[in-house]
Amino acid sequence: IISIITFTYDTFYSDVRECLNNTKTNNCKLAIVIINFIHHFMSVFGLFGWLFNNKILLFLYISLVIITVLQWKVTGGDCIVTKCIAILSDTPNYKRFNDIYKILKLKKIIPTKILYYGSLSAFIAVALYKLFIL
């Protein structure tokens with residue numbers, strides 16, 4: 001439900017709307033919508049996946065978070081998925097994926113690195129505890 005809400009906000013009321021307006025073909029528009037939906041689903045799973053008790057989902061959660069953080073480090077903080085949307089829409093300035101932290105304006109209160117790395121570290125700790133201790 002959270003993925004659908006953040007996807008709807010990002011697609012119809014925020015930055016992705018501009019990308020869709022700049023996109024010339026319907027195939028590219030459809031690709032952007034699908035990629036954006038998957039991006040939101042992955043983002044919400046990355047923030048709340050630690051809540052699951054299923055060991056497979058916890059392992060997938062930990063893997064997703066580690067891969068995401070590594071790709072942020074390799075690309076200098078840029079998200080590969082966000083770059084794909086920018087390329088497909090011919091909108092080179094598109095850099096703002098609106099995740100739940102941004103929509104709730106937490107990024108204005110808490111520095112971005114502390115918000116993401118701090119919360120993800122705590123969430124991974126809980127997931128590891130559930131995976132190996134429980």
Side-chain angles (χ1 to χ4, degrees):
I1 293 172
I2 294 171
S3 297
I4 293 169
I5 292 168
T6 58
F7 165 77
T8 302
Y9 172 83
D10 201 26
T11 303
F12 297 107
Y13 302 107
S14 191
D15 303 317
V16 174
R17 183 177 183 183
E18 178 186 338
C19 290
L20 290 170
N21 289 338
N22 291 340
T23 305
K24 294 173 181 63
T25 68
N26 286 335
N27 286 340
C28 284
K29 286 181 183 186
L30 180 62
I32 289 169
V33 169
I34 291 169
I35 290 168
N36 191 39
F37 180 76
I38 292 169
H39 199 193
H40 279 277
F41 180 79
M42 290 173 54
S43 172
V44 170
F45 182 68
L47 292 176
F48 298 107
W50 59 275
L51 292 169
F52 289 103
N53 291 322
N54 181 292
K55 300 228 184 239
I56 294 170
L57 289 175
L58 288 169
F59 179 77
L60 287 172
Y61 168 74
I62 293 166
S63 300
L64 174 71
V65 171
I66 291 171
I67 290 168
T68 300
V69 170
L70 287 175
Q71 80 80 41
W72 284 342
K73 289 293 185 185
V74 169
T75 61
D78 292 334
C79 178
I80 294 170
V81 179
T82 302
K83 287 284 187 196
C84 287
I85 291 174
I87 291 167
L88 280 171
S89 67
D90 196 26
T91 310
N93 295 334
Y94 174 70
K95 296 179 184 174
R96 296 180 299 218
F97 172 72
N98 290 293
D99 62 12
I100 195 151
Y101 284 167
K102 187 169 184 178
I103 292 169
L104 295 176
K105 302 199 185 319
L106 291 175
K107 291 171 89 172
K108 290 184 176 184
I109 301 167
I110 303 167
T112 302
K113 284 188 179 185
I114 293 171
L115 180 62
Y116 286 99
Y117 292 118
S119 65
L120 292 176
S121 296
F123 298 159
I124 283 187
V126 172
L128 287 170
Y129 175 78
K130 289 171 125 180
L131 192 60
F132 293 112
I133 307 296
L134 296 181

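Just so you know, these numbers come straight off a predicted model, no measurement behind them. For the numbers below, each heavy atom of this structure counts, side chains included, while hydrogens, waters and symmetry mates do not.
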Chemist: On the 0 to 90° scale, with breaks at 30° and 60°, tag the Tyr9-Tyr13 ring pair as parallel, tilted or perpendicular.
Modeler: tilted
Chemist: Tell me whether Val16 is reachable from Ile38 by hopping between hydrophobic residues (I, L, V, M, F, W, Y) whose side-chain heavy atoms are closer than 4.5 Å.
Modeler: no
Chemist: Donor-acceptor pair, Lys130 side chain versus Trp50 backbone, under 3.5 Å?
Modeler: yes
Chemist: Could you grab the distance from atom OG of Ser43 to atom CG of Leu64, nearest 0.5 Å is fine?
Modeler: 9.5 Å
Chemist: Do you know the tightest heavy-atom contact between Cys19 and Ser89?
Modeler: O-CB, 3.3 Å
Chemist: Any idea which heavy atoms bring His40 and Phe97 closest together, and the distance?
Modeler: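 So the two residues come closest at NE2-CE1, 3.3 Å.
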Chemist: Hey, could you give me the CZ/CZ distance between Phe123 and Phe48, rounded to the nearest 0.5 Å?
Modeler: 7.0 Å
Chemist: Evaluate side-chain contact (heavy atoms from CB on, under 4.5 Å) for Thr23 paired with Leu88, printing each intermediate quantity in order.
Modeler: CA-CA 7 Å; Thr23 305; Leu88 280 171; over 6 Å; no
Chemist: Within this structure, what is the CD1-CH2 distance for the pair Ile80 and Trp72, rounded to the nearest 0.5 Å?
Modeler: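 Going from the CD1 atom of Ile80 to the CH2 atom of Trp72 covers 12.0 Å.
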Chemist: Using only atom types and a distance under 3.5 Å, with no angle test, would you say the side chain of Thr11 pairs donor to acceptor with the backbone of Thr8?
Modeler: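 No, because the side chain of Thr11 does not come within donor-acceptor range (under 3.5 Å) of the backbone of Thr8.
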Chemist: Measure the spacing between CG of Leu47 and CG of Asp99 and express it to the nearest 0.5 Å.
Modeler: 6.5 Å
Chemist: side-chain contact (heavy atoms from CB on, under 4.5 Å), that's the test. Do Asp90 and Asn22 meet it? Break it down for me.
Modeler: CA-CA 7 Å; Asp90 196 26; Asn22 291 340; 5.7 Å; no
Chemist: Restricting to side chain to side chain contact (heavy atoms under 4.5 Å, CB included), what partner residues turn up for Val33, sequence neighbours left out?
Modeler: Phe7, Leu20
Chemist: Say whether Tyr101 and Ile109 are linked into one hydrophobic cluster, either directly or through other cluster members, by side-chain heavy-atom distances under 4.5 angstrom.
Modeler: yes
Chemist: I would like to know whether Leu30 and Asn26 meet side-chain contact (heavy atoms from CB on, under 4.5 Å); could you show each step before the answer?
Modeler: CA-CA 6 Å; Leu30 180 62; Asn26 286 335; over 6 Å; no
Chemist: For the residue pair Glu18 and Thr91, what are the closest heavy atoms and their distance?
Modeler: OE2-CG2, 3.9 Å
Chemist: Establish, for the pair Lys73 and Tyr117, whether the NZ or CZ atom is under 6.0 angstrom from the six-membered ring centre and no further than 45 degrees off its axis.
Modeler: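 Cation-pi check for Lys73 and Tyr117: passes.
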Chemist: Do the side chains of Ile66 and Leu128 join up, straight or via other hydrophobic residues, at under 4.5 Å, putting them in one cluster?
Modeler: yes
Chemist: Are more than 12 heavy atoms, taken from residues, nucleotides or ligands other than Phe45, located less than 6.0 Å from that residue's CZ atom?
Modeler: yes
Chemist: Distance check, rounded to the nearest 0.5 Å: Asn36 atom CG versus Thr82 atom OG1?
Modeler: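 OG1 of Thr82 is found 8.5 Å from CG of Asn36.
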Chemist: Testing the basics here: between Asn98 and Ile103, what is the closest heavy-atom pair and its distance to 0.1 Å?
Modeler: O-CD1, 3.5 Å
